[in-house]
Asker: 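Before we start, here is the structure in question, set down as structure tokens.
Chain letters run A, B, ... following the sequence lines, proteins first and then strands; every chain starts at 1.
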Protein chains: 2
Amino acid sequence: MSSTSSRMLEVAAQQFAEKGYSGTSMRSIATATGTTQAAIYHHFPNKEALYLSVLSLQLKEKTGAALEGLDQIKDPEQCLRELIFRLVRLAEEDEQFRQLYFRELLEGNEERLATLAENVFGGLLDSVGGLLNKLAPRFDLNLLLLSVAGLVCHHVEARKISPFMPGSEPDHQELDTLSEHITKLLLYGVRGA
Amino acid sequence: MSSTSSRMLEVAAQQFAEKGYSGTSMRSIATATGTTQAAIYHHFPNKEALYLSVLSLQLKEKTGAALEGLDQIKDPEQCLRELIFRLVRLAEEDEQFRQLYFRELLEGNEERLATLAENVFGGLLDSVGGLLNKLAPRFDLNLLLLSVAGLVCHHVEARKISPFMPGSEPDHQELDTLSEHITKLLLYGVRGA
DNA sequence: GTCTATAGGACGATAGAC
DNA sequence: GTCTATCGTCCTATAGAC
């Protein structure tokens, strides 16, 4: 894998995440990579193949590494808190992953959704499935995973609009505030701690 | 408002929601409306204005009407359950609203996000803010609203991928299953009822 | 209010020199 | 492996007849 195609993949990931597939042109990817549009076709057969390469690179096993060693925390509540804090960090740091996930949810065909489900949620199941099962034996594991993913990704993405909500407060932007809120909600429900 | 421009707005909403702004062309809107591309410019000055018209029509006060009379349910737990069931129905029935919301979250500029926050979450605050405040006094109201919106919209949208998740079950597609899951999670947290 | 026609530009993709 | 040049297609938007 040449260094050029890696840079193309990085730039493409950034633009696809920000502007979507249709909103991103081969020309703009080339310009931002510092080359010409035709050069991309030496490394990738066409636009769709480039996008699929971006996807398989971005959606693959992001979660596993970041969540290792979680089972060494003995207290289950502390363990969930640590899990949520790490997932919120992950969702914030990897803006491309988060946005590509949302975009695939909206526009992905069956095949792409299948690989997404396998890579993202299969990986999550491996790393935190056991923990969640022990912590929440009364809940369906898949639905609970989707709840956690939805809470984390939506809260992080919704930081863009929370300043415009009536009664907004500045600490709604802070990741620790969001993590603490999600943890408390998951642990005790609306009644609070 | 002529009937033609109404049909244009309907068709445009459907296509913008499904394919996004860049993925939707004036030609395809015109064809699906049963007219020609140039005719749209008699009713809307340009593509962006058409999109903004779609937005202000789709994002405005969807929630208020559907959630009226909720405060007449005396038992707070039953009230939350009814709220979630109605929101899940709303999110499922109004696919365009749900998808346009996600797309605006990804691509909206500050001005558009501001009007979205005002219309969607302002409306939600009016209709269910009091209820949530009584039910969950320990929680920040804005964060809780974002949690509920994230849970509901993500669960409904994620029905597309749940069949591909390992250990998937057919009833994960059913709205009542999703509503019950979200309600239980919100009421009692991961420990369950 | 809708049509045909077209301007003017951006797009994806290819050809061929270097 | 990257370039220039170009093809054919699609796009937004406008002009003008009816």
Asker: Kindly point out which of D/dG1, C/dC3, D/dA13 is positioned nearest to the side chain of B/A39?
Answerer: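 For the B/A39 side chain, the nearest candidate turns out to be C/dC3.
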Asker: If you check every side-chain atom of B/K47, which of D/dA13, D/dT14, C/dG12 has the closest atom?
Answerer: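 Out of D/dA13, D/dT14, C/dG12, the nucleotide with an atom closest to B/K47's side chain is D/dA13.
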Asker: Within this structure, what is the CD-to-C1' distance between A/Q37 and D/dC7, rounded to whole angstrom?
Answerer: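 Atom CD in A/Q37 sits about 12 Å away from atom C1' in D/dC7.
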Asker: Nearest whole angstrom, please: distance from the P of D/dT2 to the CZ of A/F44.
Answerer: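 Rounded to whole Å, this separation is 11 Å.
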Asker: Please state whether the phosphate of D/dC3, meaning OP1 or OP2, lies under 4.0 angstrom from any side-chain nitrogen or oxygen of A/T36.
Answerer: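 Checking A/T36 against D/dC3: at least one side-chain N or O falls below 4.0 Å of OP1 or OP2.
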Asker: For B/Y101 and A/H154, take the angle between the two ring planes, folded into 0 to 90°, and tell me which bin it lands in: parallel under 30, tilted 30 to 60, perpendicular over 60.
Answerer: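 Rings of B/Y101 and A/H154: tilted, 30 to 60°.
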Asker: Determine: side-chain N/O of A/S25 to OP1/OP2 of C/dA10, distance under 4.0 Å, yes or no.
Answerer: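 So the side chain of A/S25 is outside the cut-off, no N or O lying under 4.0 Å from OP1 or OP2 of C/dA10.
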Asker: OP1 or OP2 of C/dG1 sitting under 4.0 Å from any side-chain N/O of B/H42?
Answerer: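 Looking at the OP1 and OP2 atoms of C/dG1, one of them is under 4.0 Å from a side-chain N or O of B/H42.
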Asker: Rounded to the nearest Å, what distance is computed from the CD atom of residue A/Q15 to the P atom of nucleotide C/dG12?
Answerer: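 Nearest whole value for this atom pair: 11 Å.
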Asker: Measure from the side-chain heavy atoms of A/T35 and tell me the nearest of D/dT12, D/dA5, D/dT2.
Answerer: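 Closest of the options to the side chain of A/T35: D/dT2.
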Asker: With the threshold set at 4.0 Å, does a side-chain nitrogen-carboxylate oxygen contact exist between A/E77 and A/R81?
Answerer: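 A/R81 and A/E77: not salt-bridged.
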Asker: Under 3.5 Å, is there a donor-acceptor pair between the B/H155 and A/S147 side chains?
Answerer: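 Yes, a side-chain donor-acceptor pair sits under 3.5 Å.
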Asker: Counting side-chain heavy atoms from C-beta on, which of C/dT2, D/dA13, D/dT14 comes nearest to B/A38?
Answerer: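 Of C/dT2, D/dA13, D/dT14, D/dT14 is nearest to the side chain of B/A38.
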Asker: Check this for me, if you would: do B/E93 and B/K62 make a salt bridge, where the nitrogen-to-carboxylate-oxygen distance has to be below 4.0 angstrom?
Answerer: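 No, no charged N to carboxylate O under 4.0 Å.
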Asker: Which of these nucleotides, D/dG1, C/dA13, C/dT6, is closest to any side-chain atom of A/H43?
Answerer: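 Nearest to the side chain of A/H43 among the choices is D/dG1.
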Asker: Using whole Å, what does the distance between atom P of nucleotide C/dT2 and atom OH of B/Y41 come to?
Answerer: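 Taking OH of B/Y41 and P of C/dT2, I get 16 Å after rounding.
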Asker: Considering only side-chain heavy atoms of B/R27, which listed nucleotide, D/dC11, C/dG12, D/dT14, is closest?
Answerer: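 Nearest nucleotide to the side chain: D/dC11.
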